[in-house]
Amino acid sequence: MPPKRKATSQTPSEGPATKKTAFEALQPSVKTEPKTEPEFETKIKSENAPDYEDPNRERLEEEYGVIQRDFYPAEMSNERCAQYNANEIPRPIEVLTQAVQKTAFARKKIEVGDAVVHWFKRDLRTKDNRALHLASEKAKSKGVPLICLFIVSPQDYRAHLTAAVRVDFELRTLRVLKDDLAAKDIPLHVETVEVRKKAPGRIIELCQSWGAKHIFCNIEYEVDELRREAKMTNTCLEKGIDFHAVHDDVVVPPGNLTTGQGKQYSVYTPWYKAWVRHLHENPTMLDEFAAPEQNPPSAREKYADIFKTTIPPAPENKKLSDEERERFKSLWPPGEHEALDRLNKFLEKKINKYKDARNIPSANSTGVISVHLSTGTLAARTAIRSARNVNTSDKLDAGNEGIKTWISEVAWRDFYKHVLAHWPYVCMSKPFKYEYTKVRWEYNDEHFARWCEGRTGFPIVDAAVRQMHSMAYMHNRCRMIVASFLAKDLLLDWRMGERYFMEHLIDGDFASNNGGWGFSASTGVDPQPYFRIFNPLLQSEKFDEQGDYIRKWLPELKDIKGKAIHDPYGRGAGKQAEKAGYPKPMVDHKVCRDRCLARYKEGLGRTTA
DNA sequence: AGGAACTTTAA
DNA sequence: TAAAGTTCC
């Protein structure tokens, strides 16, 4: 699966591997007498690494798709990042909050119309859904029907790099949701709006056609979405409609947790302590929101045409092949019932061993509910509450070690959403540490292609990428390993990897994905200092000791015995690997490590992290 | 949510 | 001499 490139201009590639000569030329003084003579398939040198001032940099960022100029024309500058941090530019979340507050009085006076609308976005469930619950309550208060709505916007999928497999999962989930709602005589209207900016207008039109005066929805924390909801709050009010956007996606809403100085936390551990304390002080925040109630029977007739419609197939730009559709259908059953089943089975059978086993990718020891959290077939609140309820303590940071650990992992999701809300420029192709924009990243087609294809010659890296291609999923430990390899070993622009993950993972979520890549590239919050560079071989030996994971995803290496599995060419199984068509390591980790340290230092203009 | 180099300690 | 601990990157 080669990377997609936008532009036609090609950078000169290195051509076929020059092996020994290249290695020797670069390392004339290395004299450690390796037992097996190292051979590497590509040279490590800077081909295409423009500095911050280089006019080529912007061109490359566009060409490699880390900035989508067609959707986001204005460049986000370091100066503007600094202005956000100095509170000189209002954050989108603040703009929305203000719009909500300013309109609150006027909206409260709006009488219930002929129906109440809930707009589904990333909350594709009926249970424990705050906005849906509020919509149902509002409808009940006047005995009018609840109508649900979902907008498919192919252009939005393009702008947000949504994976086709993720779109497929959403559409399959909508079929489950439609049936569940229909059982309560609640219609679900699904409509395709090609141009994303036209979606709000169309939603308002639909509401007017139904005589509805209330639209409920749950807030999404990306910049486009926050700005859209802020605007909708005002536009709707002008038309006599109460647009009601509420916090639900996170367990604790962003902004609730601040340091002693009233600042946003940017380091996980103190943030987590505050998060736990906040939930202990406000235990009702974990309470479940009841599913919507039965509609009046008249709704069946009144909205007969909506009940008759079916969920559309995937839009042209997000179609899977037949083979993929079948594979993913059996791997990832859709809907909230599946989500709850998975959660409960995990809590019953696996969570006790989670602490020790969670980092072993072959152990099948994690919950694998990420796709449900990201599409909202499962609320993070439901996950945390359920784990608490099976714990020996009602405290989130006490009792069973496995449960404690798992809760703190789910909390990372909240953390990264808080980060996104407070530092919105991470959503505008800037790293949290925006001064890292000055690090010179490589843009090397051959290297990127080999990473994307899982042919780097580092078995643990390749196994992980192949898992992603096969399952549209990757174990978290492996995500860190492959991300570190792209950012630190290959020194490729980490945003290329971020994008590739979004385009291939079924659970792709902007905040978590961006946060994870920022972590691995050391450009994000809670930074590991940039000199923390994963050694792929050590990671492999530590977390896939017997090589089970590697053998599973790299079947060509399945007959390689013992420790050679981690490094066939370096451990005497080179002939076997070569025969099986498995490539030599594309680079020398030690050389890469040194280059990485030098490049980060150069970019930051200093010698410490 | 590391690793390499170096130092100390136990066998 | 190897494992365990420490420090620095």
Side-chain angles (χ1 to χ4, degrees), chain A residues 27 30-32 34 265-273 275 354-361 363 365-367 370 397 401-402 404-416 418-419 431-433 436 439 458 460-461 464 474-491 494 497-498 501 509 511-545 549 566-567 570 587-609:
Chain A
Q27 290 210 305
V30 172
K31 287 288 161 270
T32 40
Y265 291 100
S266 63
V267 177
Y268 179 73
T269 308
W271 175 90
Y272 177 65
K273 286 184 178 151
W275 183 85
Y354 180 77
K355 185 170 192 249
D356 296 323
R358 70 189 189 89
N359 267 317
I360 310 298
S365 54
T366 64
S370 49
D397 56 351
E401 288 295 321
K404 260 164 66 175
T405 308
W406 192 72
I407 287 174
S408 84
E409 291 300 314
V410 177
W412 274 95
R413 181 179 178 277
D414 264 30
F415 176 62
Y416 281 136
H418 288 200
V419 169
F432 168 77
K433 291 188 162 206
Y436 278 61
V439 174
F458 289 81
I460 190 72
V461 173
M474 194 193 292
H475 187 278
N476 184 57
R477 166 56 52 182
C478 298
R479 294 188 198 206
M480 291 190 280
I481 296 171
V482 304
S484 175
F485 189 77
L486 180 136
K488 302 278 173 70
D489 280 85
L490 302 181
L491 257 180
W494 58 277
E498 180 195 6
F501 269 25
D509 170 87
S512 295
N513 190 48
N514 177 268
W517 275 94
F519 183 88
S520 289
S522 299
T523 61
V525 281
D526 201 10
Q528 47 172 336
Y530 66 80
F531 47 75
R532 281 190 187 163
I533 297 166
F534 279 28
N535 179 327
L537 185 54
L538 289 184
Q539 290 283 316
S540 187
E541 292 187 298
K542 194 167 170 193
F543 298 111
D544 190 29
E545 203 181 344
Y549 179 81
H566 302 292
D567 180 18
V587 290
D588 176 3
H589 174 69
K590 173 130 197 341
V591 174
C592 291
R593 187 174 190 280
D594 293 345
R595 179 181 70 154
C596 178
L597 290 169
R599 198 67 73 77
Y600 272 72
K601 279 182 190 170
E602 169 201 282
L604 295 171
R606 57 193 158 102
T607 51
T608 57

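Remember, predicted model here, so these are calculated numbers, not experimental data. Every chain is numbered from 1 and lettered A, B, ... according to where its sequence line falls, protein lines coming before strand lines.
Looking at heavy-atom distances under 4.0 Å, A:F519 makes contact with a base. Nucleic acid contact class of A:L597 (heavy atoms, under 4.0 Å, all strands): none. No contact: A:Y272 has no heavy atom under 4.0 Å from any strand.
Looking only at distances, a side-chain donor or acceptor of A:R479 sits under 3.5 Å from a matching main-chain atom of A:M474. Looking at A:H475, its side chain does come within 3.5 Å of a backbone N or O of A:R358 through a donor-acceptor pair.
Listed by chain and number, the residues in a side-chain contact (heavy atoms from CB on, under 4.5 Å) with A:A521 are A:A487, A:W494, A:T523, A:Y600 (sequence neighbours excluded). Taking the ring-ring contact (aromatic ring centres under 6.0 Å, His included) definition, one finds that A:Y268 meets it with A:W271, A:Y272, A:W412, A:F415, sequence neighbours left out. The side-chain contact (heavy atoms from CB on, under 4.5 Å) test applied to A:R593 returns A:I533, A:H589, A:L597, not counting sequence neighbours. Under the side-chain contact (heavy atoms from CB on, under 4.5 Å) criterion, A:R532 pairs with A:Q528, A:P529, not counting sequence neighbours.
Residues of residues 475-487 of chain A having a heavy atom closer than 4.0 Å to DNA chain B, listed by number: A:R477, A:M480.
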Checklist entry - Run the side-chain contact (heavy atoms from CB on, under 4.5 Å) check on A:F534 and A:V461 step by step: do they pass? => result CA-CA 11 Å; A:F534 279 28; A:V461 173; over 6 Å; no
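A 6.0 Å sphere centred on CD of A:E401 holds more than 12 heavy atoms belonging to other residues, nucleotides or ligands.
Think of the region where chain A sits on DNA chain B: with heavy atoms and a 4.0 Å cut, that region ends 5' and 3' at B:dA1 to B:dA4.
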